[in-house]
Amino acid sequence: MAVLDLHFLIFSTFFPLIFIILASTKSYFSSTSQKIPTSYPIVGSIFIIWKNKERRVQWISDILTSCPNLTFTLHRPMGYRQIFTANAANVEHMLKSHFHNYHKGHVFRLTLRDFLGDSIFNADGNNWKFLRQVSSHQFNTRSLRKFVETVVDSELSCRLIPILKNAADKAIVLDFQDILQRFAFDNICKIAFGYDPAYLLPSLPEAKFAFVFDNSLRLISERFNSNIPFVWKIKRALSIGNEKQLQIYIGQVREFAREIIREKKQELKEKASLETEDLLSRFLSSGHSDEDFVTDIVISFILAGRDTTSAALTWFFWLIFRHPDVEKEILKEIKENSEEPIYDEVKNMVYIHATLCETMRLYPPVPVSTKSAVEDDVLPDGTVVKKGTRISYHPYAMGRVEKVWGPDWAEFRPGRWLERAEKWSFVGRDSFTYPVFQAGPRICLGKEMAFLQMKRVAAGVLRRFRVVPVVKDMDPVYVSDFTSKMKGGFLVKIEERAES
Ligand code: HEM
């Protein structure tokens, strides 16, 4: 605490003085976003960071894509450094060949610990290995895939389609981003807990669990984005401001999860034969009954499954409205497959798959991921990494690298993922060039589940409706806390297709 106080004192004493000196250095403020930010003693690059705080992701991306080796170091105040990279060789080094040296790290774990506990997202080393093993066993079952299909289809036909039909009939404007988030929240709660929060209803209710979950995340992301990393700890220790509020929200999320776990345990005790469909039941009936352990697991799965798929789908619907040729090709594919059983139908939807990959190239649901170096190291591009340095790879920038995607990188073109012989076939990119689901041993466990859900939703909606932005030539403002969102939502009208 004494060290923190000293830092705080130094910072508050010198800060106004340095501000005045820098303010007179016009070039500091006018430096263009393409330049690596100049760093000054004590304050680092704080002013340019502040100046770009509303467009952090795009700003870092602009810098990265203008660096010859796609890597640079950002100097935060008080000597904190963070390396950013969009270099695929560096990403492979971090996520695979030198995986042991790049952990989530102490700062990440501490920042998320009161919300996520010791869950898979928050674990390193042997603890992570154990959680990964236990979880991937559950994710890889055929029965889970079947269950996911049933849940997605029921949410689609009983909730989403009727809401869209009603909006079409009555010319109601919907915030489609909100609708898709509600869809994903119901969906993941049913898959993770076997609990239905009924968040996607025609009245668009304020579900308490969703509200406290969202707000916890928002306040946690403020911890990560704070320029002075330890301030949140002081506020938490004193229980003041947003940290006080955050503790209340987190308490409510965890209590809510615990309540469901207790009910589920009771249910499992009472039933002679177990319907172990949702993830929680699967964990409980395979002997993992410690309340904190399963609470952490369930909260982290909701976090993983809630905003990611809805973020991808929001950008997907906007992009295909802007590209009618793509929409036409998707409709053709839907028609060709509509007689198939559900699983084959989704498997065969190669064009929709490519369109989703292209969407996530430009708008990756998780735009930045950060690790911490365990020991000193040198990256393949020659960047020196000191022990303890935070290093972030940047899928948002990586989807914009001209050397990788070609001079038309800014164009939305699903065709770059396809080859056509008689039929379309999908041509993937290696997961280090396109680390949208991360890569290496820690690659996303829900990738297949996510594609299944997104393809069902895309086909189910587009088969019957057109999703038309209220402002047809809108250019959404990109914002991100943990995931890529549209600022102010995505306001649309729904039109029923004549032929449906
Ligand atoms: C479009 C949808 C999705 C995207 C883009 C995505 C992306 C990612 C990314 C980038 C990570 C690494 C995060 C990090 O540690 O920094 C991750 C991890 C993970 N994801 Fe996903 N995800 C998606 C959907 C899902 C879904 C639906 C689930 C199911 C619950 C899921 C479960 C997980 C789990 C359990 C991990 C942790 C893996 C580990 O650390 O070993 N994801 N995902």
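Every number for a ligand or one of its atoms is a count from 1 in the order of the listing.
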**Report entry** Close-contact set for ligand 1 against Phe139 heavy atoms, below 4.0 Å
**Finding:** 29 (C), 30 (C)
Requested in this report: Kindly indicate whether a cation-pi arrangement holds for Arg400 with Tyr363, taking the cut-offs as under 6.0 Å to the six-membered ring centre and within 45° of the axis.
Outcome: yes
Query raised in the report: Are Thr71 and Asn90 close enough that a side-chain donor and a side-chain acceptor fall under 3.5 Å?
Result: yes
Query raised in the report: Identify the closest protein heavy atom to atom 7 (C) of ligand 1: which residue and atom is it, and at what distance?
Result: Val436 O, 3.6 Å
Query - Between His93 and Asn101: side-chain donor-acceptor atoms closer than 3.5 Å - result: no
Query - Heavy-atom nearest neighbour in the protein, as seen from atom 40 (O) of ligand 1, with distance rounded to 0.1 Å - result: Arg442 NE, 3.0 Å
Query - Numbered atoms of ligand 1 (with element) below 4.0 Å of Lys104, judged on heavy atoms - result: 14 (C), 15 (O), 16 (O)
Query raised in the report: Is a donor on one side and an acceptor on the other found under 3.5 Å between the side chain of Asn122 and the backbone of Gly117?
Result: yes
Report task. Decide whether the shortest distance between a heavy atom of Pro365 and an atom of ligand 1 is less than 4.0 Å. Result -> yes
Requested in this report: Check the side chains of Arg159 and Ser154 for a donor-acceptor pair under 3.5 angstrom, ignoring hydrogens and angles.
Outcome: no
Query raised in the report: Do Gln82 and Arg76 have side-chain N/O donor and acceptor atoms under 3.5 Å apart?
Result: yes
Query raised in the report: If you measure every N/O of Arg132 against every N/O of ligand 1, is any gap under 3.5 Å?
Result: yes
Report summary line: re atom 36 (C) of ligand 1, the protein heavy-atom contact at minimum distance is Phe121 CZ, 3.5 Å
Query raised in the report: Hey, is Gln453 one of the residues with a heavy atom under 4.0 angstrom from ligand 1?
Result: no
Report summary line: Near atom 21 (Fe) of ligand 1, meaning under 2.8 Å, the protein N/O/S atoms are Cys444 SG
Report task. Flag this pair as yes if the NZ/CZ of Arg416 is under 6.0 angstrom from the six-membered ring centre of Trp405 and inside a 45 degree cone about the axis; otherwise no. Result -> no
Query raised in the report: On the ring face of Tyr434, is Arg429 found with NZ or CZ under 6.0 Å from the centre and within 45° of the axis?
Result: no
**Report entry** Donor + acceptor pair across side chains of Asp430, Thr433 (<3.5 Å)
**Finding:** yes
Requested in this report: Determine, using heavy atoms of Trp128 and all atoms of ligand 1, whether some pair is separated by less than 4.0 Å.
Outcome: yes
**Report entry** Distance-only N or O hit between ligand 1 and Lys371, under 3.5 Å
**Finding:** no
Query raised in the report: Do Glu329 and Trp424 have a side chain donor and acceptor closer than 3.5 Å?
Result: yes
